[in-house]
Amino acid sequence: MSLDIDPSELSSRPRWRHLLLLALMLALLLFPLQRLAEQYYRGELAQQNSQTLDLYVANLLGILKRYEVLPQTLGDLPALRHVLEDKRNPNHVDEANRLLSRMRELTGADAIYLMAPDGETLAASNWASADSFVGRNFSFRPYFQDAVAGRLGRFFGLGTTSSKRGYYFAAPVREGASVIGELVVKVDLDHTETLWGNTPEQLVVTDSYGVVILTSRPEWRFRATRPLSEQERREIQSIQPYPTLDPQPIDLIERAWLTQERHLDEMGWTVSIKAPITLIERPVNTVLLVGTAVLLVLILLIGLTMLRRRHYLERIAHDAQARRELEHRVAERTRDLERLNARLKDEVLEREHAQQELFRAQDELVQAGKLSALGTMSASISHELNQPLAAIRSYADNAVVLLDHKRADDARGNLQQISEITGRMASIIAHLRAFARRDRHAPESVALQPALEDALALLAKRRRGLDVELIRDLPDAPLWVQAGETRLRQVLGNLLANALDALTEKAVPRKLWLSTEEAADSVTLLIRDNGPGFTEDALARAIEPFFTTKTSAQGLGLGLAICDTLTRALGGELHFANHEQGGALIRLRLCRSAPGVVPHAPEDPSN
Ligand code: ADP
C-alpha cells in the first residue's frame, strides 16, 4: 500500500491544539487526585492523633483516679479527727499538719488540707510554708459545698494563694450521719501540659464552660472556646476557677485545624488534639507535584510520539515525492532513450545504405581493376590467340592445297590439327571468361589448386618468355577454401603477374616457388620469387590504391589494393614480406571450407 501524503497537509494540522486540549483534560484529573490524597492523609493523621489522644486521656484519668479515693480514706485517720473534735488544741493541730505533710510527700499530691464544716482550714500539708492554707476559708469553692452536702466534691481551679492550677477532690469526714469536716486533696495538673512537648499538634482541654484549662499553646490558656451565657459568667465570677473573671473568646479558625475530641463525663471536660491542616497540605502538595510531574512526562511522551509520527509521515511524504521525481526522471530518460534509439535506427539504416554503396563501389573498382588487368594482358592474349589463328590459317591453307592434290589423308591431318588448335583457343577464351565474370558475393567452397592453375595458364606465355622456373610444392588433394571462384582467380592472377613483373628486372635464373601451409581452420598459399623484392616504401604502402613503382604503362597501382580488399572480404589475410635469401614472399591466408565440386579444368594452353 502506498501512503502518499502531501507535505503541505502535514504542516497545516492543528496538532499542538490537540496536545493542549489533552493537557487540559489530564490536568482536570489533578482535582480528584488532590481530593483522594487529602482524604488519605486526613485519615492517616486522624488515626495517629486518635491514638495519641487515647493515650493522653488514659494518662490524665489515671492521675485523677489515683487521688479520687484519697480524701475519703484519709478522713478516717484519728489524728485528723482529733483536730476536728478539738481545733483549739495546738498539739492536735501540729500532729495533723505533720501527718498531712507526710501524706502529701507519700502520694505526690500538690496539697492536702482539712477544713471545718464552716470552711475554715484547720490543718494543711503546707502549714510550714508562707502561703499556708491554715486559717483560710475556702467555703466559696464548689467542692466544699459538695462535701458539706455529703458528696464527693470535684473542682478545677486556680489556687487562690498559689495561683497554680489544680484539680480538687473533697470528701466529707463523718461522725455518724453528720458531716464534721472536709478533707481536700489538690492535684497538680501543670505537668500534664508540659508532658505534651513541642509538636505541631496542639493539646486543648476545656472544662464544662468551654474554657481552656490545659493546653500546649500558652496563649490559649483560660480563653473561651464558645460564647458564655450570662449564667455561666456569673458562676465563674463566684467560684473563680481562672485567673480572670471574664474569659475572652479564642480566635481560632476551625477549618485550619483537624480536631479529635474525647469527652470526660465525670469531670465535664473535653480533651482535644488540634492538628494544623498544613500537616496534610504538605504531603498532598507533594502528591500533586508528583502527579503534575507524571502528567508532564505523559504529555511530553505524547508530544514526542506525535512528533515522531509527524516525522514518520513527513519521511513517507518525502519518499513519495522522491519516488514521483524518480519516476518522472525515468520517464524522461526513457523518452530520451526512445528518441536516441530511433536516431540510432536511422543511422544504422543510413550506414547499411552507405555500406551497400561501398560494396557497390568496391565491386566497380574490382571490375575496373580486372578490366585494367585484361587491358595490360590484351597484348599477350591477342598474341596467344593470333598464334593459333595463324596456325589455323596455314593448316587450312595447306589443307586446301592438299585437297587440290587429292591428298585427303594429309588434309584430314591438317583439319585434325585445326580442331585441336581451336580447342586450345576455346580453353584460352574460357579462362578469360572465368576471369572477367562478376562473382556472387556469398562465399563458396573453392578448390585452391585449379584456381591457381587457371591464373598460371593466363600467364603461361609470359612466364615461358621470361624463362621462369616454376617450383610447385602443392598437395594433390584439392585444398578447399572459402572464396569466390572469380575473386580468388583475380587475386592469384594479380600476385603472379606482380612476381613476373619483378622477375623481368632480374637476370636468369628466374624462379617462382608455390607452396602451401595447412592449419586446422586455414590454408596459406606462399608465393615466392627471386626478384629484387619489395622496396621499403612499397612494403609500407603496397596496399594503398594507386601506389606503384612501375611506369604508368606497366601498372596503375590498383592490383594489391584490390587483392587486399577481396581477401579481407573473404575473411582471409594478405601478408607481404621479403625472403631472407632475397625476393618477395607473399602469404595469402584463406579460411578452410567444406569440400565442394571440382570444376572442370579447362585445357592448359601451355600444354
Ligand atoms: P602495379 O603492379 O600496378 O604497380 P600493384 O598494386 O600490383 O600495382 O603493386 C604495387 C607495387 O608493389 C609495385 O609497383 C611494386 O613496386 C611492388 N610489388 C608488387 N609485387 C612485387 C614483387 N613480387 N616483388 C617486388 N615488388 C613487388
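First listed ligand is number 1; within each ligand, the first listed atom is number 1.
For F576, the CZ atom counts as densely surrounded, since its 6.0 Å shell holds more than 12 non-hydrogen atoms of other residues, nucleotides or ligands.
By the 4.0 Å heavy-atom criterion, P532 is excluded from the residues contacting ligand 1. Residue contacts with ligand 1: A499 is included, with a non-hydrogen atom under 4.0 Å away.
Counted by atom type alone, Q321 and R324 present one or more donor-acceptor pairs between their side chains at under 3.5 Å.
Residue-ligand proximity, F547 to ligand 1, at heavy-atom distances under 4.0 Å covers atoms 10 (C). For ligand 1, the atoms closer than 4.0 angstrom to any heavy atom of K550 are 1 (P), 2 (O), 4 (O), 13 (C), 14 (O). Near A584, meaning under 4.0 Å from any of its heavy atoms, are these atoms of ligand 1: 22 (C), 23 (N), 24 (N). For ligand 1, the atoms lying closer than 4.0 Å to a non-hydrogen atom of T548 are 1 (P), 3 (O), 4 (O), 14 (O).
Every N/O-N/O distance between A502 and ligand 1 stays at or above 3.5 Å. The N/O atoms of D529, backbone and side chain alike, include one that comes under 3.5 Å of an N/O atom in ligand 1.
N494 places none of its side-chain heavy atoms less than 4.5 Å from the side chain of L560. Considering only heavy atoms from C-beta on, L512 comes within 4.5 Å of L496 through its side chain.
Ionic pairing of E332 and R329 is not present here: no N-O contact between side-chain nitrogen and carboxylate oxygen is shorter than 4.0 angstrom. Salt bridge present: E314 and R310 bring a charged side-chain N and a carboxylate O closer than 4.0 Å.
Distances from atom 14 (O) of ligand 1 to the heavy atoms of L585, D501, N494, T549 put T549 nearest.
Pairing each heavy atom of R489 with each of A455, the nearest pair is O-CB, 4.3 Å.
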